[in-house]
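Note sheet for the following structure.
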Amino acid sequence: MNLSQLSSIIDDWMAVPGNNSLGPGLSLPAFDTPLVGCAAGDDPLFDFLKRDIGAEFYWTPEEAFALAFPEAGADGSDLSVVSWVLPQTRNTRQAHGLNKELPSIEWSRARHYGEMVNEALRRFVVRSFEGEGVLACAPALLPMWTRAESSKYGFASTWSERHTAHVCGLGTFGLSDGLITARGKAIRVGSVVVQAQLAPTPRTYTHHNEWCLFHAKGKCRACIKRCPAGAISEKGHDKVKCKAYIRTITAAHVEEHQLGFRVNSCGLCQVRVPCESRNPTAVKSE
């Protein structure tokens with residue numbers, strides 16, 4: 001199976017309403033058509049991420065795969081990493097864009113039920129490779145996956161879906177830490193590691209924040225204005241302020257007024273910004 005074939009398989013799976021729903025009993029899809037990319041398991045950027053984020057806890061693809069299949073004896077050169085971006089729908093983005101301090105119910109549903117779609121997609125992709133006789137795992141679903149504390153960046157985890165997508169050629173980071181892709185940063189992200197050598201997706205950028213207007217041209221700052229917690233500044237994203245606002249304000253709102261249970265929903269900085277649904281630094285076609 002090559003990446004083009006896998007993309008078609010993913011598209012077909014996502015096109016089934018029962019697989020891609022914004023919630024129980026709803027016909028609205030959780031996400032638009034995915035973007036899919038790939039990187040070699042021994043791409044030097046994975047080793048850089050481990051050193052930069054947390055050498056003592058962050059996984060390389062080889063380490064994640066070894067946790068899933070300790071007897072396989074695979075090294076990074078035997079592996080590939082497949083990553084996908086699930087763009088929020090226009091309906092969800094427009095509804096969310098009307099809000100300034102609290103998440104829309106559409107966004108909260110996408111955060112909760114949409115991540116259930118993402119988890120199911122991870123399992124489906126793993127099964128698809130296994131059906132071809134290829135070992136595969138989803139690092140974010142491994143029981144060993146956990147949150148961690150980076151001495152450099154604060155809140156972190158043993159495997160970052162956004163950073164993996166960056167290595168796989170799918171986007172660069174913005175001022176708010178969101179991943180800006182060709183379909184913008186109003187997204188969810190997932191990935192699997194497979195014991196196969198797939199052609200890597202070219203990275204059309206050289207710097208990790210190249211597609212952010214602020215970093216590229218010194219202008220924009222729209223995400224700063226959109227953040228009700230004051231957690232974004234020209235210095236970047238304050239994870240402590242962000243987490244505190246979500247845990248004390250928006251999650252409680254979702255439970256009391258929307259879904260009846262707590263969901264860490266916010267994402268207001270991902271809409272009504274130039275990078276909402278596109279790469280704002282890309283040259284527009286005539």
Side-chain angles (χ1 to χ4, degrees), residues 7 10-11 14 20 22 28-38 82-100 103-115 117-118 121 160-191 201-228 231-232 236-237 242 246 264-285:
S7 295
I10 290 174
D11 287 351
M14 291 288 289
N20 179 25
L22 197 58
L28 291 171
F31 302 109
D32 282 337
T33 304
L35 301 177
V36 183
C38 181
V82 178
S83 175
W84 55 83
V85 165
L86 303 178
Q88 301 280 7
T89 65
R90 180 187 294 272
N91 176 73
T92 295
R93 290 187 283 106
Q94 288 183 338
H96 201 48
L98 298 175
N99 292 23
K100 296 182 178 180
S104 65
I105 190 170
E106 290 85 355
W107 191 272
S108 297
R109 285 173 174 154
R111 177 65 180 85
H112 180 72
Y113 296 109
E115 187 53 31
V117 171
N118 198 12
L121 178 56
S160 166
E161 298 287 25
R162 290 178 301 115
H163 287 81
T164 299
H166 171 71
V167 180
C168 290
L170 293 176
T172 79
F173 294 89
L175 194 59
S176 67
D177 279 348
L179 186 75
I180 301 171
T181 73
R183 295 292 303 277
K185 71 174 181 180
I187 58 171
R188 301 294 295 172
V189 192
S191 65
T201 301
R203 288 194 288 269
T204 58
Y205 39 80
T206 57
H207 199 268
H208 73 279
N209 54 22
E210 190 172 312
W211 291 358
C212 172
L213 283 177
F214 176 78
H215 290 295
K217 301 182 180 181
K219 62 180 183 180
C220 186
R221 301 174 180 84
C223 60
I224 296 176
K225 299 174 184 177
R226 283 287 294 168
C227 178
I232 307 171
H237 176 217
C242 179
I246 291 172
N264 293 329
S265 173
C266 187
L268 291 164
C269 64
Q270 296 181 31
V271 297
R272 300 202 61 147
V273 291
C275 54
E276 173 184 318
S277 59
R278 66 185 182 91
N279 166 11
T281 69
V283 177
K284 295 181 180 180
S285 58

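This structure is a prediction, so every number in the text was calculated from the model and none was measured.
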Fill in: From Glu115 atom CD to Asn264 atom CG, the distance as rounded to the nearest 0.5 Å
12.0 Å
Item to complete: Taking the side chain as every heavy atom from C-beta outward, state whether Pro34 and Asp11 have any pair of such atoms under 4.5 Å apart.
Response: yes
Fill in: Test item: Thr181 and Pro87 side chains (from C-beta on) under 4.5 Å apart, heavy atoms
no
Item to complete: Would you indicate whether the side-chain heavy atoms of Thr201 and Cys168 approach each other to under 4.5 Å?
Response: no
Item to complete: Using the six-membered ring wherever Trp is involved, compare the ring planes of His166 and Phe173 and label them parallel, tilted or perpendicular (cut-offs 30° and 60°).
Response: tilted
Worksheet entry | Interatomic spacing from OG1 in Thr33 to CD1 in Ile10 - rounded to 0.5 Å | 11.5 Å
Worksheet item: When rounded to the nearest 0.5 angstrom, what distance separates CZ in Arg203 from CG in Leu170?
Response: 11.0 Å
Item to complete: Working to the nearest 0.5 Å, report the span between CH2 of Trp84 and CD of Glu161.
Response: 7.0 Å
Discussion item. Does Leu98 form a side chain to side chain contact (heavy atoms under 4.5 Å, CB included) with Ser104? I'd like the steps, not just the answer.
Written reply: CA-CA 8 Å; Leu98 298 175; Ser104 65; over 6 Å; no
Item to complete: Might you point out which heavy atoms bring Val36 and Ser7 nearest each other, and give the distance in Å?
Response: CB-OG, 3.5 Å
Worksheet item: Under a 4.5 Å cut-off applied to non-hydrogen side-chain atoms, are Ile187 and Phe31 in contact?
Response: no
Worksheet item: Looking at side-chain heavy atoms only, is the closest gap between His207 and Thr172 below 4.5 Å?
Response: no
Worksheet item: Can you pull the salt bridge (charged side-chain N to carboxylate O under 4.0 Å, His left out) pairs that have at least one residue in residues 162-181, sequence neighbours excluded?
Response: none
Worksheet item: Do you know which two heavy atoms are closest between Pro103 and Cys266, and how far apart they sit?
Response: CB-O, 4.1 Å
Discussion item. Evaluate Lys225 against Val273 for side chain to side chain contact (heavy atoms under 4.5 Å, CB included), listing each step before the verdict.
Written reply: CA-CA 9 Å; Lys225 299 174 184 177; Val273 291; over 6 Å; no
Worksheet item: For Ile224 and Phe214, what are the C-alpha separation, side-chain angles and deciding distance, and is it a side chain to side chain contact (heavy atoms under 4.5 Å, CB included)?
Response: CA-CA 11 Å; Ile224 296 176; Phe214 176 78; 6.0 Å; no
Worksheet entry | side chain to side chain contact (heavy atoms under 4.5 Å, CB included) partners of Leu22, counting only residues at least two apart | Leu26, Leu28, Ala30, Thr92, Arg109, Ala110
Item to complete: Kindly state each residue pair satisfying salt bridge (charged side-chain N to carboxylate O under 4.0 Å, His left out) with at least one member in residues 207-219, sequence neighbours excluded.
Response: none
Practice prompt. Could you pull out all residues at least two apart from Thr281 that satisfy side chain to side chain contact (heavy atoms under 4.5 Å, CB included)?
Written response: Trp211, Leu213, Ala216, Asn279
Worksheet item: Mind checking whether Cys220 and Pro274 have side chains closer than 4.5 Å, heavy atoms only?
Response: yes
Item to complete: Work out which heavy atom in Glu106 is nearest to a heavy atom in Ala95; give both atom names and the distance.
Response: OE1-CB, 3.4 Å
Discussion item. Tell me every residue that passes side-chain hydrogen bond (donor to acceptor under 3.5 Å, both in side chains) with Glu276, counting only those two or more places apart in sequence or in another chain.
Written reply: Arg93
Item to complete: Considering non-hydrogen atoms only, spot the tightest contact between Ile180 and Cys212 and give its length.
Response: CD1-CA, 3.8 Å
Worksheet item: How far does OG of Ser265 sit from NE2 of His96, to the nearest 0.5 angstrom?
Response: 6.0 Å
Discussion item. How long is the straight-line distance from CG of Leu268 back to OG of Ser176, given to the nearest 0.5 Å?
Written reply: 11.5 Å
Worksheet entry | Test salt bridge (charged side-chain N to carboxylate O under 4.0 Å, His left out) applied to Arg183 - qualifying residues, sequence neighbours left out | Asp32
Practice prompt. Mind running side chain to side chain contact (heavy atoms under 4.5 Å, CB included) on Lys185 and Cys223 for me, showing each step along the way?
Written response: CA-CA 11 Å; Lys185 71 174 181 180; Cys223 60; 3.8 Å; yes
Discussion item. So Met14 and Leu86, do their side chains get closer than 4.5 Å, heavy atoms only?
Written reply: yes
Discussion item. Please determine whether the number of non-hydrogen atoms from other residues, nucleotides or ligands lying under 6.0 Å from atom CZ of Arg226 exceeds 12.
Written reply: yes
